[in-house]
Protein chains: 2
Amino acid sequence: MAQNSKRVDMDRVDGLILSELTANARVSQVDLSARIGLSSTAIARRQRALEEDGIIRGYQAVLDLGRFGLAVTVIVRITLESQSDDALKAFEAGVIDCPSVVRCFLMSGSDDYIVTVLARDIEDFEHIHRTELSRLPRVARIESSFALREVVSRAVPPVVFSASAAPKHKPPSPRRPTRR
Amino acid sequence: MAQNSKRVDMDRVDGLILSELTANARVSQVDLSARIGLSSTAIARRQRALEEDGIIRGYQAVLDLGRFGLAVTVIVRITLESQSDDALKAFEAGVIDCPSVVRCFLMSGSDDYIVTVLARDIEDFEHIHRTELSRLPRVARIESSFALREVVSRAVPPVVFSASAAPKHKPPSPRRPTRR
DNA sequence: ATTCGATGCGCGTCGGAGTGCCGAAGGAGA
DNA sequence: TCTCCTTCGGCACTCCGACGCGCATCGAAT
């Protein structure tokens, strides 16, 4: 049914784990357990299960791209001159190698791509347009729009943390505080 | 000059550190030092400096959103009925609370926003359109395009890892292998 | 020549991760 | 309804690894 594996089944605790790990991937198991309110053993088991199930694909550092001077985001709509299969393949192979491209979607409807480009400033984008974008094969038209401000930027929509609030086994009702 | 702080100065080793950490944020310092070829002390110092300088903003887990059924990406262009300041503010305050929105840019040119929405399928997007998007204030027009495929998806453009290849002090020419 | 900056190495300590065992709770079956 | 089984959580323990520090060294810049 689904693409590669079965659908996920999560409870509230798994959602909390994912929420914490998407906020801070380097948090230790004991800190996680303290935040969530479960023992570190259970947290470690669940986190390991989430990793092995492939729900957690990995952990990555988030960089401040503004510190690199990449302050301008440009949304570029590119139309190919042909919708043939090898035209798509050639274009996509080229756009993957563009070092200023961070996202590229093949869109439905008209046969075009939406490409997100990061640039230092306007004239840097002009340079990117000349050296990267217009050298892409089979391109018929390039239309650029500049982003003035990034209002929302989330890696994960908040809807996944609350997905399937059904508990896995029980509500752990009378939980004794972890003494030491 | 820049927005909040000075421009970055990095050498090749810092770029390697950032490259490794964006690929795997949970790598330990000794593993990092083994991959890069510097001692773990230097790696730890540089990583700490990168964190304290704010170049590394944090670490986050990457989830497989397909496992949550979020298989459809929709690019939505929203035009407001007014370009007044409080119209923008009201719309942005509303779009931040939309749980299916992962990205939103205020675009130049015409007074509109480009919003990226994740949905389970077409009819889920229809539901999102009804319950989230069309309830946003001051909206005049909503135009949706469906993404068929994600060709490129990078958090960080590869250009930053090679930024400013000037070494910080010296090229560590005769490096003895780390014996043990 | 001197000073500064960065690296390399060794050491010690602290903390995290993994394991085994037990208990509790829920579900299934008779 | 009773019993068995499965599953998950909690606790204690051990071990190994990471992290941080201090000092010596080397190179470069002034």
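Residue numbers begin at 1 in each chain, while the letters A, B, ... track the order of the sequences.
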Asker: Should A/V159 and A/I55 be regarded as members of a common hydrophobic cluster, given that ILVMFWY residues are connected when their side-chain heavy atoms come within less than 4.5 Å of each other, either directly or indirectly?
Answerer: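 Yes.
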Asker: Should we say atom CD of A/E123 is surrounded by more than 12 heavy atoms from elsewhere, each under 6.0 Å from it?
Answerer: no
Asker: Which nucleotide wins on minimum distance to the side chain of A/V30, given the candidates D/dA18, C/dG16, C/dG18?
Answerer: C/dG16
Asker: Give the rounded distance in Å between these two atoms: CD1 of A/I17 and P of D/dC8.
Answerer: 13 Å
Asker: So B/A44, base contact, sugar-phosphate only, or nothing? Heavy-atom distance under 4.0 Å.
Answerer: nothing
Asker: Under 3.5 Å, is there an N or O donor on one side and an acceptor on the other linking the side chain of A/T41 and the base of D/dC11?
Answerer: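 Indeed there is one.
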Asker: Report yes if some heavy atom in the side chain of A/F91 is under 4.5 Å from a heavy atom in the side chain of A/V139; otherwise report no.
Answerer: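 A side-chain contact exists here, since the closest heavy-atom pair is under 4.5 Å.
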Asker: B/L32 has an atom CG; how far is it from atom P of D/dA18, in whole Å?
Answerer: 11 Å
Asker: Whole-Å distance between D/dT25 P and B/L38 CG?
Answerer: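 Atom CG in B/L38 sits about 19 Å away from atom P in D/dT25.
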Asker: Between A/S28 and A/R45, which is nearer to the 5' end of DNA chain C once each is assigned its nearest nucleotide?
Answerer: A/S28
Asker: To the nearest Å, how far apart are B/E51 CD and D/dC19 C1'?
Answerer: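 Value for this atom pair: 13 Å.
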Asker: Rounded to the Å, how far apart are A/Q47 CD and C/dG16 P?
Answerer: 13 Å
Asker: Whole Å only: how far is the CD atom of A/Q29 from the C1' atom of C/dG16?
Answerer: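 So the two atoms are 7 Å apart, to the nearest Å.
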Asker: Rounded to whole Å, how long is the line connecting atom CG of A/D31 with atom C1' of C/dA17?
Answerer: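 Answer to the nearest Å: 13 Å.
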Asker: Determine whether more than 12 heavy atoms belonging to other residues, nucleotides or ligands lie under 6.0 Å from atom CZ of A/R35.
Answerer: no
Asker: Within this structure, what is the CD1-to-P distance between B/I43 and D/dG20, rounded to whole angstrom?
Answerer: 14 Å
